[in-house]
Peer 1: 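My structure is below; once you've seen it, I'll send some questions.
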Amino acid sequence: MSVLVTGGAGYIGSHMVWALVDAGEDVVVVDRLSTGFEWAVAPEARFIRADIADTAALGAVIRDHGVDAIIHFAGSVVVPESVSDPLGYYHNNTVNSLGLIRTAVETGVPHLVFSSTAAVYGTPATDAPVSETAALAPESPYGVSKLMTELMLRDAAAAHDLRYAALRYFNVAGADPRGRTGQSTRGATHLIKAATEAALGKRGHIDVFGTDYPTRDGTCVRDYIHVTDLVAAHLRALAHLRGGGDSLVANCGYGRGYSVLDVLDAVRRAHGADFDIRMAGRRPGDAVSVVADATRAREILGWVPEHDDLDGIVESALAWEAGLTRRNRI
Ligand code: UDP
């Protein structure tokens with residue numbers, strides 16, 4: 001019995017692989033290395049360089065390794081890129097997921113955990129924490145491509161012997177506390193990654209996109225979740241499905257928000273020195289406040305976050321970023 005992790009050489013996938021290996025699972029990774037790195041994959045896992053579009057290769061991997069569960073991360077994740085290349089996103093995220101789900105059904109894999117996103121909600125109607133029953137109104141092809149995959153899973157699970165968990169991630173950040181992997185993606189645009197790069201002098205400055213929002217300090221509010229807690233939720237989802245639990249959709253966040261300025265203060269504290277922060281205009285498409293109601297993950301999956309601490313998240317991200325430079329990997 002083994003777990004297939006698609007996209008296991010990427011940021012979240014590589015943390016997932018370590019968590020599975022730590023839990024004693026046999027793991028096989030399929031990744032085409034378009035944005036991931038083979039060195040990020042735990043050496044205990046079997047690594048196969050392949051594109052998930054290659055369903056024949058996927059089928060062979062599933063049969064050869066006795067796969068009973070798939071955790072599906074492979075896909076494209078840059079929201080503005082999805083706006084300029086929607087068909088590329090529908091291909092990578094939706095069409096390729098269709099092929100994966102079909103292969104799972106045809107080869108009899110009974111469990112699938114899917115990497116979904118809070119982007120399926122678009123801009124929440126209120127600033128209150130958003131629950132899974134909120135309106136689904138994605139505002140980018142990225143969000144739509146993920147929602148379409150959730151719907152395919154729902155319908156495939158109704159028709160076939162497949163149960164799934166779709167986990168809707170809020171703002172994932174941080175790195176493995178043991179320093180084994182972290183966010184290594186080149187040209188990342190996410191706030192904590194970009195801020196640690198600015199603090200370490202890898203980029204000249206960081207822009208604060210919008211200071212006139214109707215929030216406490218005028219900057220946008222997000223629910224930043226430590227990647228270690230996020231992958232722990234996947235382990236719980238896997239146990240839930242293997243234990244006979246029903247398919248479910250669940251938010252992954254902590255239920256509290258921090259502003260952009262809160263995050264930059266945390267980076268300054270962790271770094272111990274100032275860096276160049278510039279107030280800038282709003283970034284198109286940003287929602288004012290996006291915070292998770294994660295009651296379902298806690299109650300149904302028994303998920304208990306252990307790293308709900310902005311300073312800890314930022315410290316782990318900064319440590320990883322500094323190590324990337326030291327090891328001259330990127
Ligand atoms: N942000 C910022 N400067 C940056 C990157 C992000 O001010 O260099 C802001 C962005 O406008 C948003 C928040 O930080 O309000 C989180 O953005 P991120 O891209 O990390 O995640 P998103 O919530 O868009 O998925």
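Quick note: residue numbers are just sequence positions, from 1. This structure is a prediction, so every number in the text was calculated from the model and none was measured. In listed order, ligands and their atoms are each counted from 1.
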Peer 1: Please assess His190 against Arg222 for the test side-chain contact (heavy atoms from CB on, under 4.5 Å), listing each intermediate value before the final yes or no.
Peer 2: CA-CA 12 Å; His190 291 123; Arg222 295 288 182 273; over 6 Å; no

Peer 1: Quick one: which of His190, Arg283, Arg222 has a heavy atom closest to atom 17 (O) of ligand 1?
Peer 2: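 Result: the heavy atom closest to atom 17 (O) of ligand 1 is in Arg283.
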
Peer 1: Closer than 4.0 Å to some heavy atom of Val208 - which atoms of ligand 1 meet that?
Peer 2: 7 (O)

Peer 1: What protein heavy atom sits nearest atom 20 (O) of ligand 1, and how far away is it?
Peer 2: Leu191 N, 2.8 Å

Peer 1: Between Asp262 and Arg216, is any pair of side-chain heavy atoms under 4.5 Å apart?
Peer 2: yes

Peer 1: I need the contact type for Tyr224 against ligand 1. Using non-hydrogen atoms and a strict under-4.0 Å cut-off, is it side chain, backbone, both or neither?
Peer 2: side chain

Peer 1: Any chain of hydrophobic side-chain contacts (each under 4.5 Å) joining Leu264 to Tyr224?
Peer 2: yes

Peer 1: Among protein heavy atoms, which sits nearest to atom 22 (P) of ligand 1, and what does the distance come to when rounded to 0.1 Å?
Peer 2: Asn171 ND2, 3.5 Å

Peer 1: By number and element, which atoms of ligand 1 are closer than 4.0 Å to a non-hydrogen atom of Thr189?
Peer 2: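 Near Thr189, the atoms of ligand 1 are 5 (C), 19 (O).
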
Peer 1: With backbone taken as N, CA, C and O and side chain as the heavy atoms from C-beta onward, which portion of Asp286 lies under 4.0 Å from ligand 1: side chain, backbone, both, or neither?
Peer 2: side chain

Peer 1: Is Cys220 in polar range of ligand 1, meaning some N or O pair under 3.5 Å apart?
Peer 2: no

Peer 1: Which atoms of ligand 1 are found less than 4.0 Å from any heavy atom of Ile206?
Peer 2: 8 (O)

Peer 1: Under a 4.0 Å heavy-atom limit, does Val290 contact ligand 1 with its side chain, its backbone, both, or neither?
Peer 2: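 Near ligand 1, Val290 shows nothing, with every heavy atom at 4.0 Å or more.
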
Peer 1: How many angstroms lie between atom CG of Leu98 and atom OH of Tyr90, to the nearest 0.5 angstrom?
Peer 2: 15.0 Å

Peer 1: For ligand 1, which is the ligand I care about here, please tell me if Val260 has any N or O atom under 3.5 Å from one of the ligand's N or O atoms.
Peer 2: no

Peer 1: If the test is side chain to side chain contact (heavy atoms under 4.5 Å, CB included), which one of Pro305, Ser316, Pro177 qualifies with Thr228?
Peer 2: Pro177

Peer 1: With a 4.5 Å limit on heavy-atom distance, are the side chains of Arg282 and Phe209 in contact?
Peer 2: no

Peer 1: Does Lys193 reach the main-chain N or O of Ala317 with its side chain, forming a donor-acceptor pair under 3.5 Å?
Peer 2: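 No: the side chain of Lys193 does not pair with the backbone of Ala317.
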
Peer 1: Do the side chains of Leu162 and Ile101 get nearer than 4.5 Å, heavy atoms only?
Peer 2: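 They are in contact (side-chain heavy atoms under 4.5 Å apart), so the answer is yes.
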
Peer 1: Among protein heavy atoms, which lies nearest atom 3 (N) of ligand 1, and at what distance?
Peer 2: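 Scanning the protein heavy atoms, the shortest distance from atom 3 (N) of ligand 1 goes to Asp207 O, 2.7 Å.
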
Peer 1: Are side-chain heavy atoms of Thr189 and Val79 found at a separation under 4.5 Å?
Peer 2: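 No, every pair of side-chain atoms sits at 4.5 Å or beyond.
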
Peer 1: Could you name the option among Tyr258, Tyr169, Tyr213, Phe209 that has the heavy atom nearest to atom 1 (N) of ligand 1?
Peer 2: Phe209

